[in-house]
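Counting starts at 1 for both ligands and their atoms, following the listed order. Just so it is clear, the model here is predicted, and its values are computed rather than measured.
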Amino acid sequence: MDRIVIEGGKPLSGRIPISGAKNAALTLLPCALLTDEPLTLRNLPRLADIDGFGHLLTQLGVSITVEGVRRGEFGRVMTFRADNDAEPVAPYDIVRKMRASILVLGPLLARFGQATVSLPGGCAIGNRPIDLHLKAMQALGAEIELASGYVKATAPNGLTGGTISFPFVSVGATENALMAAALAKGTTVIENAAREPEITDLVQCLIAMGAEIEGMKTDTLTVHGKDRLHGATHAVMPDRIEAGSYACAAMITGGSLELVGAREDTMHAILAGIADAGGLIEFGKNSIKVTADKGIKPLSISTAPFPAFPTDMQAQFMSMLALASGTSLLTETIFENRYMHVPELARMGADIEVRGRAAVVRGVPGLVGAPVMATDLRASMSLILAGLAAKGTTEVNRIYHLDRGYERLEEKLSAVGATIARVGGEG
Ligand code: EPZ
């Protein structure tokens, strides 16, 4: 298995291109199922999860053509066309490896009147139920049956608009509801909708495909269903979590990084955290520069739905705060088990105490390189960050987690001064 080896202790400096957002791409790809016309997506990141989702769409009868990279963009251009019938089944062997596969449920149901999708099961950070997704489909008139680990959803006469009121914010359930409602008969109101920038990216793509949606960027979305949607071309938004992760890399190494393509309007809470920790932030025309300015100050931060501090940045901030000049408090309110990086950071000398949903991070003068184990995507990045700052050699194992969310990580970090390499493992 591949692993990444880092010689830490060097301040990073230079420009890092920010790729298209994984979590936007994973909800834009299934939009192809909503029409028989071509959907072209630009600025797609080269990530394992995107390839995996493309494989699932192929199994669902979608044809895919890949173009080169356009001038001034970093990501691939791919065109998807769902113009031939195929069995609307998302099998277990694909879904178990990529939970986001559940996002084909709404589009398949809306376009073909039926969908059979394997229950995704849990993952390292939590049991990740999909009850809100199913309730949303039922609110649009679907019949839902659970059998042998699969969800079988049917709407033989098509979906009918209705009111979907989420008891708490769910990004994925909001995405499934939006895609299904776009082709439902009549109007759908989605209350307590997620407001993450990836949702806004999805709404903009659906509108480009002919959907009629009001309330973008608010917690109440109104969708006037259409009989059909048409093809479109849409550029994936830049990845705010990748950008935030590299902002932490500048801070933890005492360096200065220009995040090319990062969009401030999607990163207010992340940038506020970096500034509160003592970072100097400068805004360029199409970039954000983060400079570590006299050490790292301790913080008290709680994760929460957008526009609050994102759960996907908690692990990366924890690594940075492990070297703060005092004690920080992190509270994870979204997932029940998102501290798997703590014991690994402790192996490198971090002083962190987990108390339920809270983690007390006592700053230490320095970290020491060690062999560590990645457990989930963002935990992997927190270990890379710690390795960049640590004295000596850090070896991060099981980096297949990392490849799901960070495009060309070693290349981007080497270009700004990191001593980092991917080493093929045995077995
Ligand atoms: C999306 O996951 C992201 N993934 C996650 O990013 C991100 O952490 C999460 O949103 C929160 O921002 C993608 O976009 C592919 P939720 P999602 O539904 O949609 C519970 C990363 O690292 N819940 O907003 O699955 C759920 O268990 C990944 O890039 C239910 O109880 O998240 C969680 O506690 C990790 N029932 C909370 O809601 C449901 O039906 C929020 O989950 C759905 C969710």
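- Annotation for ligand 1: atoms under 4.0 Å from non-hydrogen atoms of Ile130 are 39 (C), 40 (O).
- Judged purely by atom type and a 3.5 angstrom limit, Asn43 uses its side chain to pair as donor or acceptor with the backbone of Gly75.
- Per-residue contacts place Arg338 under 4.0 angstrom from the following atoms of ligand 1 (heavy atoms of the residue considered): 8 (O), 22 (O), 35 (C).
- Remark: distances from the non-hydrogen atoms of Met381 to ligand 1 are all 4.0 Å or more.
- Listed by atom number, the atoms of ligand 1 under 4.0 Å from Arg378 heavy atoms are 21 (C), 22 (O), 29 (O).
- Considering each of Ala100, Pro310, Gly126, Pro129, the one bringing a non-hydrogen atom nearest atom 27 (O) of ligand 1 is Pro129.
- Residue Glu336 places no N or O, backbone or side chain, under 3.5 Å from any N or O of ligand 1.
- Partner of Tyr246 under the side-chain contact (heavy atoms from CB on, under 4.5 Å) criterion, chosen from Gln316, Met251, Met381: Met381.
- Taking only nitrogen or oxygen atoms, main chain and side chain alike, Glu175 does not reach within less than 3.5 Å of ligand 1.
- The distance criterion of under 3.5 Å between nitrogen or oxygen atoms is not met by Thr311 with respect to ligand 1.
- In terms of protein heavy-atom proximity, atom 40 (O) of ligand 1 is closest to Leu132 N, 2.7 Å.
- We find that Arg240 and Glu198 are joined by a salt bridge, their nearest charged nitrogen and carboxylate oxygen being less than 4.0 Å apart.
- Taking atom 18 (O) of ligand 1 as the reference point, the nearest protein heavy-atom neighbour is Ser170 OG, 2.7 Å.
- In Asp312, the part holding a heavy atom less than 4.0 Å from any atom of ligand 1 is the side chain.
- Looking at Glu198 against ligand 1, nothing comes within 4.0 Å, counting heavy atoms.
- Among all non-hydrogen protein atoms, the one lying nearest atom 19 (O) of ligand 1 is Gly172 N, 2.8 Å.
- Closest heavy-atom approach to atom 9 (C) of ligand 1 among the candidates Phe335, Phe53, Phe166, Phe306: Phe335.
- Geometrically, ligand 1 and Asp131 share a nitrogen or oxygen pair separated by less than 3.5 Å.
- Contacts between Met313 and ligand 1, counted as non-hydrogen atom pairs separated by less than 4.0 Å, are absent for every part of the residue.
- Looking only at protein heavy atoms, the nearest one to atom 15 (C) of ligand 1 is Asn23 OD1, 3.4 Å.
- When only interatomic distances are considered, the shortest N/O to N/O separation between Leu26 and ligand 1 does not fall below 3.5 Å.
- Note: no N/O pair closer than 3.5 Å links Leu377 and ligand 1 by distance alone.
- Neither the backbone nor the side chain of Ala173 has any atom closer than 4.0 Å to an atom of ligand 1 (non-hydrogen atoms only).
- A donor-acceptor pair under 3.5 Å is absent between the side-chain atoms of Arg263 and the main chain of Pro238, judged by distance alone.
- Proximity of Ile241 to ligand 1, defined as any heavy-atom pair under 4.0 Å, is not found for any part of the residue.
- Scanning all protein heavy atoms for the shortest distance to atom 38 (O) of ligand 1 gives Phe168 CE1, 3.3 Å.
- Atoms OG1 and CZ, from Thr333 and Arg357 in turn, are 7.0 Å apart once rounded to the nearest 0.5 Å.
- When Ile199, Thr27, Thr188, Ile164 are each tested for a side-chain contact (heavy atoms from CB on, under 4.5 Å) with Leu178, only one passes: Ile199.
- The shortest N/O to N/O separation between Arg128 and ligand 1 falls below 3.5 Å.
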